[in-house]
Each structure stands twice: as C-alpha cells, then as structure tokens.
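Working notes for the structure below.
Start at 1 and go down the list; that is how both ligands and their atoms are numbered. What you see below is based on every heavy atom in this structure, not just the backbone, and it leaves out hydrogens, waters and symmetry mates. Every value quoted in this text rests on a predicted model; they were computed, and no experiment measured them.
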Amino acid sequence: MSEINMKEISAKVLEAGVVGAGGAGFPTHVKLSAQAEIVIVNAAECEPLLKTDQQLIAQSPELLLKGLTLAMESTGAQKGIIAVKAKYKKAIAALEPLITNRDNLEIVLIPDIYPAGDEVITIWLTTGTRVPPGGIPLNIGVVVNNVQTLINVAKAMDGTPVTTRTLTVTGAVENPVTVTVPIGTSLQEVLELAEVGSGDLAFIQGGPMMGTLITDLSAPVTKTTGGLIALPKDHMLIQRKLRTIESILRIAKTVCEQCSFCTELCPRHIIGHELSPHRLIRAVNYKNLGDPSLITSVLSCSECGVCEAYACPVGISPLRVNMALKAELRSKGIKYQGQLGQEDPLAKNRLIPSSRLIDRLRLRPWYKEAPLSLDVYEPDEVTLKLHQHIGAPSAPLVKVGDVVRLGQLIGEIPEGGLGAKVHASIEGTVVQLTPQTIRIRKGGAAK
Ligand code: SF4
Ligand code: SF4
C-alpha cells in the first residue's frame, strides 16, 4: 500500500468522526496514523450481560474484516488478530470461512474470563507480549480496536459518518434487546425499547463492572455508550456505585486487614506491573504518600473493578480509592512510566471465570439473551454532545433554525487540536445550541 493510500484511510476515518467505541473514545484517525506490526480486534466483550459485539460480528463479518484490513493497511501491520471468546460460536462461524485464504489474519480464541477485554490483557492473552506499566499498546507495536470501531472504519471508506450506536439494553427489563439508535437519542427512550419496568430501579451506563450510574435519563447516547442496564435500586452493584469516596476511605481505614487479595488478583499486577492496590490502600490509610513510584503506579490501574467486586473480602473499594488518586495526579499533570516485573507464574489461573463473577455480582437472574434488532430506531429528537471523545470538544457549525440532513457535518475539530467530528444523526431542524450540545428535531425540508 502506498503512503498516499495509507493517508487516505486515516483521512476518511477522520472525516467520518470515528472514535474508539469500546472505551474513552480516542480518535481513531490518530491511532491509524501510527506504524504498527499487529492490529488486534478486541472482540472479547467481557463485561457480564453485554451482547453487542458478538452479535455484530455474526451479522456483519465482512464489514469487520474490511475494517481490520484497512487498519492493517493504514498502520503497515503485517498481521491481524481477532481476539474472540471461544464461547461466541456464531461469531466465530461467521468469520472462519472468510479468513481461510488470508495468511495474515488469525482468530485467537480466548477463555471466558474477566477482564479479557482490557486491551493490555487482550494483548497478553493473544500474543503473550506485555504492555509496560503506564505504556500503550503501540509501545510494543500493537494497535487494538473494538468491533464497532472497525465496522465504522469500513463504513467511512464510502463516506458514511458515525451517526448510530449499537448497544445492549438489559437487566430488569421485560425484553432485553440489542438495538441500533441514532447518536443523541435519550437514554430513557432507549430503555423503553427494552420495555423497562416501573419498579424502584436504577440504571448503569456501560457494563456492570466498569459502567457508571446514570443520574439523568434525559442524557443522550454517545459514540461510546456501551450498554444500558436496569437493576433494582437495592441491588449491591447500585448500592456500591452510590457510596461516597468519604465512606470508602473510612471503611478502608477501619477494616483493611492487608490480606493483599486485591493485589494477588489484580490483572495488571499479575502480568508484572508494579501496581499493588493493597499497598496503595495502606499508603492512603497512613498518609504515607512518600513513595512516588508506588503512588504514581496507580495511573496504570485499568479500573476493571476486580479488587472491589471480587477480591476484597471486607467490602473495600481499592478501585474507587485509585480513581480518586488518579484524578488528583492527572490534575497535577503527573505521568507514570514503569518497568515490567516478573509475570506471576499462576497469572492465567488468577483471572476470573465470568460465570463465577456473574454469581458474585448477583446478576444471574438477568443473565439473558438480548437479541440484535435489525431496525434502526427513529427518535423525533436527538441531542448530540460536542464532546464525545478524548481531546477538545468540537466547534458547532450550525445555528438554531438551520435545517440539516442525515450525516451532515455539524461539529468540527478545533484547529490544531485532537478531537473528532460530529455529524447530524437525524434529518431535521436545529432547535437548541448550547456550549456542550446541539439538539435536532425532526421536521423541516433538508437542503
Ligand atoms: S481496578 Fe483494581 S484490580 Fe483492576 S487494575 Fe485497578 S487495582 Fe487492579
Ligand atoms: S483485599 Fe481488601 S482487606 Fe485485603 S488488602 Fe485489599 S483492600 Fe485490604
């Protein structure tokens, strides 16, 4: 592939506003502008209850492979790996016949464990190589992309921008379902597609382990909304997410017995990262913040939640303590780069079987299929955030009263900044503009 074509791929991905669909929304055109040896499709989908990627692969294997091939061409990678759980049999059956003559592509089956989808762990499970603490996959020549990201990359080649998001809506609902909705659809409307009950419920955005509590159901779906989960308000996951950092610190101080289970099961620690949650808890409890390397190692915490939800026998949340520490260090601009240590010889045995995690999280009653609906939902109104990605918010290109067509560019990356473009996800009229959002209502003839 010539350099100009490599540049064309990332240019089209930039135009389409593609961002990492599986995480914080890193702009994909930047990732695809790097040079790499391996591109990995992260199809582990390891958060319990979420059923999106496995079904998208079974439905659109050609698009996924096209996206993977483009990512390989753009980065110069000689090898493409699809990291998929062995239990996603329909996805594997759809992919296998399409790669039989492709020597540079491989499906690597990974066990049903958590957190197989943490990209550092995905790389380790599929290639045996380890990302250094505080580093990124590119440090070892790897680029990792999520399934929806690569499907969006494939669509970008014919000029189709990112205007929809596919997500699982499940939990305490009548009709668990995986739906595709225009970006900007309200979370309340999406929950109604799964016939959410009227009981005393609370809602999580994302997966049960890494998702966040929803405080406003009128908030919109974004390019990174991973799932919606309804649970009874008194469910342990909801109660845990409601705890304040003050109460977490108080519990940590009074009951941490320094058993070190949190460290022994920490996925980053067992592959040789310095991160040791029990030592961090001790340092915070005794205000012994003098070891700078120990404290800054918290920046390599993936926030997978294993220490909180599975390891700690007395209900402490090293995760939340870490999140608070990370926020403080980042606000001071502190960075961390550590050395790889020894890998735990029992590391692979220490990762958590999903089935055990589901029981521990008391999610078994809601562990159900969530079939993929082929229709795209049509809301009357959408609210598009100008900041759905890592980097600077987009600058609006429209004003109230403008009539926009589906896919029209309405938010531009500020000059010289890192960011992603925003496109109209329905056809209609701009009815409200705030510094953070553009609201579009159906109606009005498109130009
Ligand atoms: S959340 Fe806990 S278990 Fe997960 S990486 Fe961070 S310290 Fe380790
Ligand atoms: S598992 Fe819990 S009690 Fe044990 S060291 Fe970690 S935080 Fe303390």
Which ligand 2 atoms does [X] reach within 4.0 Å, using its non-hydrogen atoms?
| X | value |
| --- | --- |
| Val314 | 3 (S) |
| Glu257 | 3 (S) |
| Pro313 | 1 (S) |
| Ser260 | 4 (Fe), 5 (S) |
| Gln258 | 5 (S), 8 (Fe) |
| His278 | 5 (S) |

(message) Using a distance threshold of 2.8 Å, state whether an N, O or S atom of Cys259 lies below it from atom 8 (Fe) of ligand 2.
(response) no
Closest non-hydrogen protein atom to [atom], residue and atom name please, with distance?
| atom | value |
| --- | --- |
| atom 2 (Fe) of ligand 2 | Cys312 SG, 2.4 Å |
| atom 8 (Fe) of ligand 2 | Cys256 SG, 2.4 Å |
| atom 6 (Fe) of ligand 2 | Cys262 SG, 2.4 Å |

(request) Could you tell me whether Lys332 and Glu328 have a side-chain N and a carboxylate O separated by less than 4.0 Å? (result) yes
(request) Flag the pair Lys79 and Glu106 as a salt bridge only when some basic side-chain nitrogen lies within less than 4.0 angstrom of an acidic carboxylate oxygen. (result) yes
Can you tell me if [X] and [Y] form a side-chain donor-acceptor pair at under 3.5 Å?
| X | Y | answer |
| --- | --- | --- |
| Ser260 | Thr263 | no |
| Ser355 | Arg364 | yes |
| Ser218 | Ser186 | no |
| Thr168 | Thr170 | no |
| Glu189 | Tyr377 | yes |

(request) List in chain and number order the residues that pass salt bridge (Lys or Arg N to Asp or Glu O under 4.0 Å) with Glu192, two or more places apart in sequence or in another chain; answer none if no residue qualifies. (result) none
(message) Going by the rule salt bridge (Lys or Arg N to Asp or Glu O under 4.0 Å), which residues pair with Lys85 if we only count those two or more places apart in sequence or in a different chain?
(response) Asp112
(request) Anything protein N/O/S under 2.8 Å from atom 4 (Fe) of ligand 1? Just list residue and atom, please. (result) Cys304 SG
(message) Looking at Ser317, is its backbone amide N or carbonyl O close enough to the side chain of Arg240 to form a donor-acceptor pair, meaning the two atoms are under 3.5 Å apart?
(response) no
(message) Strictly by side chain to side chain donor-acceptor pair (under 3.5 Å), give each pair with a member in residues 60-72 just once, sequence neighbours left out.
(response) Thr69-Arg102
